[in-house]
Amino acid sequence: MSKAIPSRNEDYSLWYNELVKKAGLAENSPVRGCMVIKPYGFAIWEKMQQTLDKMFKDTGHSNAYFPLFIPKSFLSKEADHVEGFAKECAVVTHYRLKTDEENGGVIVDPDAKLEEELIVRPTSETVIWDSYKNWIQSYRDLPLLINQWANVVRWEMRTRLFLRTAEFLWQEGHTAHATKAEAEAETQQMLEVYAKFAEEFMAMPVTKGVKTASERFAGAVETYCIEALMQDGKALQAGTSHFLGQNFAKAFDVKFATKEGKDEFVWGTSWGVSTRLMGALIMAHSDDDGLVLPPKLAPIQVVIVPIYRKDEELAAITEVAEKFKSALQDKNISVKFDNRDTHKPGWKFAEYELKGVPVRIAIGPKDLEKGTVEIARRDTKEKQFVNQDETVDFVTNLLEEIQTNIYSKAASFTEENTRSVETYDEFKQVLEKDGGFIYAHWDGTPETEEKIKDETKATIRCIPLNSSSEEGVCIYSGKPSKGKVLFAKAY
RNA sequence: CGGGGCAUAGCACAGUCCGGUAGUGUACCUGGUUUGGGACCAGGGGGUCGUAGGUUCGAAUCCUGCUGCCCCGACCA
């Protein structure tokens, strides 16, 4: 009981915060805006990393590592880039502390001021393109396909565990290409990788699209994104892929010799997903009893709980449990046999539900008699008895079914909460009453976008890639529109 | 960074109005009985009441500064 979390209906935001803490995913740190990612939360992140890392390598990318600190002067080399990030950079000004003679403790040593201040990377384009200048000489060095797993710091005013923290973990891909078309194809390809990851592994449907100019990455020519709808009807940007054009190449003078011997600027891309995906994963599927994890990302896919009175019973149950454990592990299923005698079965049931373990197997004396086990699935909370000789196959299939089911559930939710409107009144009404994704005509101007945002808090999440070019008139200005765009209130 | 609320044991809170030396639940430790949905009984440990100062014989309580957290806005992956 002590671990019960608030319900989503009562207070969605509190539900999220409490769930993150009670499920042991993360907690606040002594430093404002930062978070401690706890072992269980990190285990989920590691599974995401492993999967994505393989997808990146399968598409020809290699990992590297660039430094945390960036000379301040680098940031200002690309005008839009500095404009976008300057407001939220942490700056290193000194390199030494000394003991405070008067008050005890330590103070910054005023004699240790850095000649050029360093910024803590908010993203690594600048430091990476500075290297690329030396790495790239000719068309033979292209394409250059690099990814790095790193932490970055953006000094946010308002933070929330996983969704927006001052320091976060992410991967950032940075590629350089000989032609515009190739760089554009790379941008698209990585967007597809993200969409595939979100849908197949996170079981989270996403809408692919292009950002409007005002939402574009600072320094990009075009920003592509995947947007997902959370259970409270708000949208969450889950990943971005940027076509950088020649902006950074020009800023850092990255040229290559073509086959014909001409000097040309290279074309760039960058793309990233962060620990924010953890927030998306939590909000996409979980319920009032706790986390619901897709089997493909669950650190523990199956938990086995013994039910017994006497030690002899435990011994007999353990024998069966261990047999299942190794049989399932042989099928690459991660299994935990929780034989702790410090907690009762009911306590363990609640605990693993809170933690979102997809499948629970309970084995008790009655099961030993009947040759069965009790199998419970986290997504629907259904329980059933299964014969022991069918258990391994049953569980293997069940994991796949759960993965499919939570995707369908999220997909129907997204579908049910995606609406199309023709007028501004209708737009405001739907936004107020239902939230969710709203398709509406927009005249394409930043002014209209801004006004709608000011008046309704809804932003253009993206111009969907698959949108039909159905002509119409802008809901706000009445001017002509070439197609509907996707609006929502967003995280 | 503006507006509001909060800060007391690991966690959730009471006590603050009206100053008198800190309490409840839960978690933790020990022993026993228990175990098919968050067990029960008995005993036990743990808090310089966010922090710095002020008022007072005496401060969790009154006053001031600071810090942090939560909610609402502006900014953002």
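Each chain gets a letter, A, B and so on, in the order the sequences are listed, and its residues count up from 1. Worth saying up front: this structure is predicted, and the values here are computed from it rather than measured.
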Note to self: Within the 4.0 Å heavy-atom criterion, would you say A:T240 contacts the bases, only the backbone, or no part of the nucleic acid?
What the structure shows: nothing
Margin query: Check the orientation of A:H242 and A:F217. Use parallel for under 30°, tilted for 30 to 60°, and perpendicular for over 60°.
Written below: parallel
Note to self: Using only atom types and a distance under 3.5 Å, with no angle test, would you say the side chain of A:R121 pairs donor to acceptor with the backbone of A:V152?
What the structure shows: no
Next item on the list: Could you please name the partner base of B:G73, counting Watson-Crick and G-U wobble pairs only when both distances are under 3.5 Å?
Entry: B:C1
Notebook entry, point to check: Contact class for A:T165 vs. all strands (heavy atom < 4.0 Å): base, sugar-phosphate, or nothing?
Noted result: base
Margin query: Between B:G23 and B:C57, how many Å separate the two P atoms, rounded to a whole number?
Written below: 27 Å
Item checked: hbond_proxy A:K383 side chain to B:G36 base (donor-acceptor, 3.5 Å cutoff) -> no
Check: NA contact type, A:P365, heavy-atom cut-off 4.0 Å: base, sugar-phosphate, or nothing?
Finding: base
Note to self: When the C1' atoms of B:G36 and B:G43 are compared, how many Å lie between them, rounded to an integer?
What the structure shows: 31 Å
Next item on the list: Measure the acute angle between the ring planes of A:W267 and A:F243, then classify it against the limits of 30° and 60° as parallel, tilted or perpendicular.
Entry: parallel
Note to self: So, under a plain 3.5 Å distance rule, would you say the side chain of A:N28 forms a donor-acceptor pair with the base of B:G68?
What the structure shows: no
Next item on the list: Compare the minimum distances between each of B:C76, B:G36, B:G73 and the side chain of A:R158, then state the nucleotide with the smallest one.
Entry: B:G73
Notebook entry, point to check: Do A:R309 side-chain and B:G36 base share a donor-acceptor contact under 3.5 Å?
Noted result: no
Note to self: For a quick test of reading the model: is some side-chain N or O of A:R164 closer than 4.0 Å to OP1 or OP2 of B:A77?
What the structure shows: no
Notebook entry, point to check: Under 4.0 angstrom, heavy atoms only, what part of the nucleic acid is A:L163 near: base, sugar-phosphate, or nothing?
Noted result: base
Checklist line | Nearest-angstrom distance, P atom, B:U21 to B:G73 | finding: 45 Å
Check: Does A:K77 count as lying over the ring of A:F74, i.e. NZ or CZ under 6.0 Å from the six-ring centre, within 45 degrees of the axis?
Finding: yes
Next item on the list: Could you give the distance separating B:C62 and B:C49 at their P atoms, to the nearest angstrom?
Entry: 15 Å
Check: Does B:U34 have a Watson-Crick or wobble partner in any strand here, with both distances under 3.5 angstrom, and which is it?
Finding: none
